[in-house]
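Residue numbering restarts at 1 for every chain, and letters A, B, ... go by the order of the sequence lines. Remember, it's a predicted structure, so these values are computed and weren't measured experimentally.
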Amino acid sequence: MQRIGVFVCHCGTNIAATVDVKRVVEAAAKEPGVVHAEDYQYMCSEAGQLKIREAIEQKHLTGIVVCSCSPRMHENTFRQAAKRAGINPYMVEIANIREHCSWIHKDIEEATEKAVILARAAIAKVMLNAPLTPGTSQVVKRALVIGGGIAGIQTALDIADAGYEVDIVEKTPSIGGRMSQLDKTFPTLDCSACILTPKMVEAAAHEKITIYTYSEVEKVSGFVGDFHVDIRKKARSVDMSKCTGCGVCQEKCPSRKTPNEFNRGLNTRSAIYTPFAQAIPNVPVIDREHCTKFKTGKCGVCAKVCQAGAIDYDQQDEIITVDYGAIVVATGFDTIKLDKYDEYAYNQSPDVITSLELERIMNAAGPTKGHLERMSDHKPPKSMVFIQCVGSRCADKRGKSYCSKICCMYTAKHAMLIRDKYPDVDVTVFYIDVRTPGKNFDEFYRRAVEEYGVHYIKGQVGKVAPQGDKLLVQAADLLDNKQIRMETDMVVLATAIEPNPDVRKIATMLTASIDTNNFLTESHAKLRPVESPTAGIFLSGVCQGPKDIPETVAQAGAAAVKVVGLLAKDHLVTNPCTAKADPIFCNGCSTCEKVCPYGAISYEDQLVNDHGIRETRRVAVVNSALCQGCGACTVACPSGAMDLQGFSNRQILAEVDAICR
Amino acid sequence: MQKVDMAKADRLREMSGVNTRKCMKCGKCSASCPAYEEMDIRPHQFVSYVESGDIEPLLESKSIWKCLSCFACVERCPRDVKPAKLIEAVRQMVVRQRGGNYLSPNEVPELLNEELPQQLLASAFRKYSK
Amino acid sequence: MQVENTEFRPKIVAFCCNWCSYAGADLAGSSRLAYPADVKIIRVPCSCRVNPMFILRAFQRGADGVILCGCHPGDCHYTTGNYYARRRMTLLFSMLDYLGVENGRTRVEWVSAAEGVKFSTTMNEFVAKIHELGENVRLEDLRCKG
Amino acid sequence: MVYSYYPGCTLKNKAQDLDRYARMSAEALGFTLQEIEEWQCCGAVYPLASDEIATKLSAVRALNDAKEKGQDLVTLCSACHHVIKRVNDDMQNVEDIRTRANNYLKLEEPYEGETKVLHYLEVLRDRVGFDTIKEKVTHPLTGRKIGAYYGCMLLRPSSIMAFDEPENPTIMEDFIRALGAEPVVYPYRNECCGGYVSLKDKPLAGTMVDRVMESAVCHGAEELITACPLCLYNLRNSGSAKKVPVTYLTEILAEALGLLPEKEAEGGAEHAEG
């Protein structure tokens, strides 16, 4: 017979303000099987846990129910407390009377009544709990980082420096990511390449780091500690072991009409190319879609000019399978498409550009060799307008609901750099709010205004109209309460950023949770910001939410520490809430095997004692190391032989009964 | 001292279906408005005046006769606030009151000319009077 | 003398998967997004853990509505569990409708861990629907009535 | 193909050309506009206040008439199109308006927004096809630089009108191109002409027309087309900027299809001179 203790937490006033905890205690005490019930200010505190421990020891409790916050918060805390008091940690159930009750209801009567019912359901369930013992599983001492931007590079470096093997998988021909496209960085105006390139080189040279560029993750199976990942190494058409990176092939390639992605399509590149001069690896790829040799069979210039004989038109995609203990997602971002913002004339005038395009124009290696000029007539502008919040903070379907966070600062940077280098260019910034929290950030923005004379006008732009060789900007000045209609030479749009569109596919492969904006969800918004709710998956950089370079680097380091913490373990404790077949009822029909996503179910001949009849039968056996405890098999099983430990049929039915009582 | 009339503000919100709280005060409505220069109270101010219950100035504003219902503000508003509908609601509130008509049939003959399309009269009457 | 309370307080059981919808409900809670107290949540590891038997039992014991929440299609923590759930529930709900438990009393909804607002609006809508349909008596086992 | 057709009051009077050329061209392109019986004025402006109902009823009657015939409803005047399309959206999606309108009209079968409302240009684009029109053009408008003036009512609110991209539309440009002329894209083609304020506030309408005209001229337009009689009136009569001729889009369509004998004569004369 179970002896149950019930512990009701006040959570300060978080619960006690809307739930009459005393009444919950009284009601719980009357439930059959309950031999102890009490309440306390903070059950999760040392003192609270001590109360649980004392009650278990003194009243010889066999199971406990804690009525408190979400089990996602403190289930483990209370399981450990129970364990220290000498009972099995799986003899603990949580009634969530905070997130699911006190925080959403105002009426005390109503909330208390609901809390009592939730407590009853938990008591009914715990009465049927059985002690469970977790198994263990191995940890592959190798990590995978998906994405080779600054986030991925930093994470990989930190993991590698701790002594673990780490692989970077990067989709494009080079690591470097968005940061390699930037000209200068705020708030110190360091040259982006100058601070990024050493890190790229370090990653490439690190003996613990393997870099797979021009590669993509194709398939992921397994689970924390033991993931199996298929990586597609796309055919480069260039033999990496032979290429010397001399660059002659790129110079001689006759097909030069492909929009240059690295320069955001502002100029063109050859069909065989490295994205930028400092690319790592410094080995070109052939863009087969645009290569004449691949399109018509007639060309082959690159093969002819290559002294090293590295060109290989017959190279095939290669798929390698590697095992990893942990996976870090660092897939980064792109700017949104501006097709739905044609009031800013982005599609109507080449002189309306995005901020990222301006980075390329300002960069010495960019399409204009660093000269600030209009893309229409290559004349230097005399006046420039910056528009903030293009696509950010939008409640409509056109844009993104969130603040992209980095735009206020990079716009101040652009404005300042232009005023510094071209003092005769008049710069106006239209803003809704200037958001510059961060060390030396607001000072930076103020410098743009006070020292560099950038005009900041509070008010959004309504329309940009090409007029002759000028752009007519129509805007509101909310502080002066007037409408501005001004001519300018260039308009720069602070375009909203969004997670790299590929991330959804990757999230699905990893079964990592993702939000409606395609940002990966962290396990806890405040306390577990670099972990995905899926064990063994970690988040680094903008794939989790908008952030600037310093924040990205900090988060990359944090993710690396979490990975190292995982890889340092000799083995992992597995979830004991796994499926289990009752050989008496199992008829070996193989239905469960078909629905198991993990291949955890097999069949073996067992000697079964069915009410005195002893016979050998083919029955299902669950490999508890592979089973992840989803329960699909339990419902599929036609004979009711399969059940899930910790969430058994009887337990859930008991909860249903308690709720509907 | 400004007179706060929340009952009228609520009535305007109801008539227009506009949720004034969604406004983030970016001013894009006023930036887009082609009749801005003619207005004494500007489109973005209509939203904040209603939000604060300051209705009397709106009822007396000449802006309500200047708004063209061209919907540029509605189309471009990033918060889906629809200022034009709010201005229309104020106009309705005025013309529904006795004597609030801005156009009387007596005026019409002198406004007519040879080419004037019927829809101009029809729409002006719809906009300006009960 | 006790005055009988005639106000209809529906009994509603919500099965929520641990990874998405239960977390979505937690987010609704921490964001203080209210929905009626009539909704009681049962945590299951995955929507595919919900056996039709659980839902039948709920109606048998007098539930007025049952809602099953899982991860969005393609986002299941266990890869495919929500697809199984969807198929099973489609069958079950049409059978229940045939038995007189109207389609409005049963619902499957996908709520991610980030969709606190959706969780709350879904529950508000669902409870409103149950109020519209009134008390459920069709499948109730009168033997269970005390 | 036969469409129900709602001409609207102005097309019966001051804008008879718009109507006449539309019908002529339709026949030439193989579809028929069948005027619905006893239509009433659409009201010319969509009543924005959500509690307005009586002013929407004439549109509902027209829509229901098309529904009973099982036809799509075609409009031409921008104002009529705007009002009828939006009222139809209300009938589909706003329960309160649907109920009240149906209670008032006492139809045999309640109207719930079943009719598809098409603008004449949409018929040309989606049903006939601009490629087909191009083939049927006998008198291509070669060498003419024509600017499309959309105005506001066809495009906005885009969520309901769903006519084209509200800030950078292309349907009229494609139409102009199909007729063999060169479309001139200018940014003020979707800005308001001043609409009804021109009745009592000529200067305001004048400012707005001038902006449109300046923008069109600056980008090289030598003539403008529009679908709206009020836009046409304002563009021709308001403002003080340099003007280019403004015609109805149906007129250049009829011209390109060779349905205007007088123009043909002119064109012939020019050829003779050249």
(message) So that I can tick it off, tell me whether C/Lys40 and A/Asp657 are bridged by a salt bridge, with the cut-off set at under 4.0 angstrom between side-chain N and carboxylate O.
(response) no
(request) Under 4.5 Å, counting heavy-atom pairs only, tell me which of A/His100, A/Glu113, A/Arg98 racks up the most with chain C. (result) A/His100
(request) Examine the side chains of C/Arg57 and A/Asn649 and answer whether a donor and an acceptor come within less than 3.5 Å of each other. (result) no
(message) With a 3.5 Å distance limit and no angle check, can you tell me whether C/Arg49 reaches the backbone of A/Ala632 through a side-chain donor-acceptor pair?
(response) no
(message) Measuring only between side-chain heavy atoms, which start at C-beta, is A/Thr634 closer than 4.5 Å to C/Asn51?
(response) no
(message) Any carboxylate oxygen within less than 4.0 angstrom of a Lys/Arg side-chain nitrogen, looking at C/Arg9 and A/Glu110?
(response) yes
(request) Find the one option among A/Cys101, A/Cys630, A/Cys633 whose heavy-atom pairs under 4.5 Å with chain C are most numerous. (result) A/Cys630
(message) Using the rule given for side chain to side chain contact (heavy atoms under 4.5 Å, CB included), can you reason through A/Ile652 versus C/Phe15, listing the C-alpha separation, both sets of side-chain angles and the distance that settles it, and then say yes or no?
(response) CA-CA 10 Å; A/Ile652 296 174; C/Phe15 291 98; 3.9 Å; yes
(request) With chain A as the partner chain, list the residues of residues 19-26 of chain C whose heavy atoms fall under 4.5 Å from it, by residue number, and write 'none' if nothing qualifies. (result) C/Trp19, C/Tyr22, C/Ala23, C/Ala25, C/Asp26
(message) Just so I understand: if I count every heavy-atom pair under 4.5 Å between each of A/Ala525, A/Ala507, A/Ser102, A/Gly629 and chain C, which residue has the most?
(response) A/Gly629
(request) For a salt bridge (Lys or Arg N to Asp or Glu O under 4.0 Å) with C/Arg43, tell me which candidate from A/Glu75, A/Glu93, A/Glu655, A/Glu99 qualifies. (result) A/Glu75
(request) Taking all heavy atoms of C/Pro45 and all of A/Leu644, pick out the closest pair and write down the distance. (result) CG-CD2, 3.5 Å
(request) Hey, could you give me the CG/CD1 distance between C/Asp75 and A/Ile514, rounded to the nearest 0.5 Å? (result) 7.0 Å
(request) For chain A, find which of C/Ala85, C/Ser120, C/Ala37 contributes the most heavy-atom pairs closer than 4.5 angstrom. (result) C/Ala37
(request) Would you mind checking which part of C/Ser30 comes under 4.5 Å of any heavy atom in chain A, side chain (CB onward), backbone (N, CA, C, O), both or neither? (result) both
(request) Begin with the C-alpha distance, continue with both residues' side-chain angles, and end with the deciding distance and a verdict on side chain to side chain contact (heavy atoms under 4.5 Å, CB included) for A/Leu653 and C/Phe54. (result) CA-CA 6 Å; A/Leu653 288 171; C/Phe54 304 160; 3.7 Å; yes
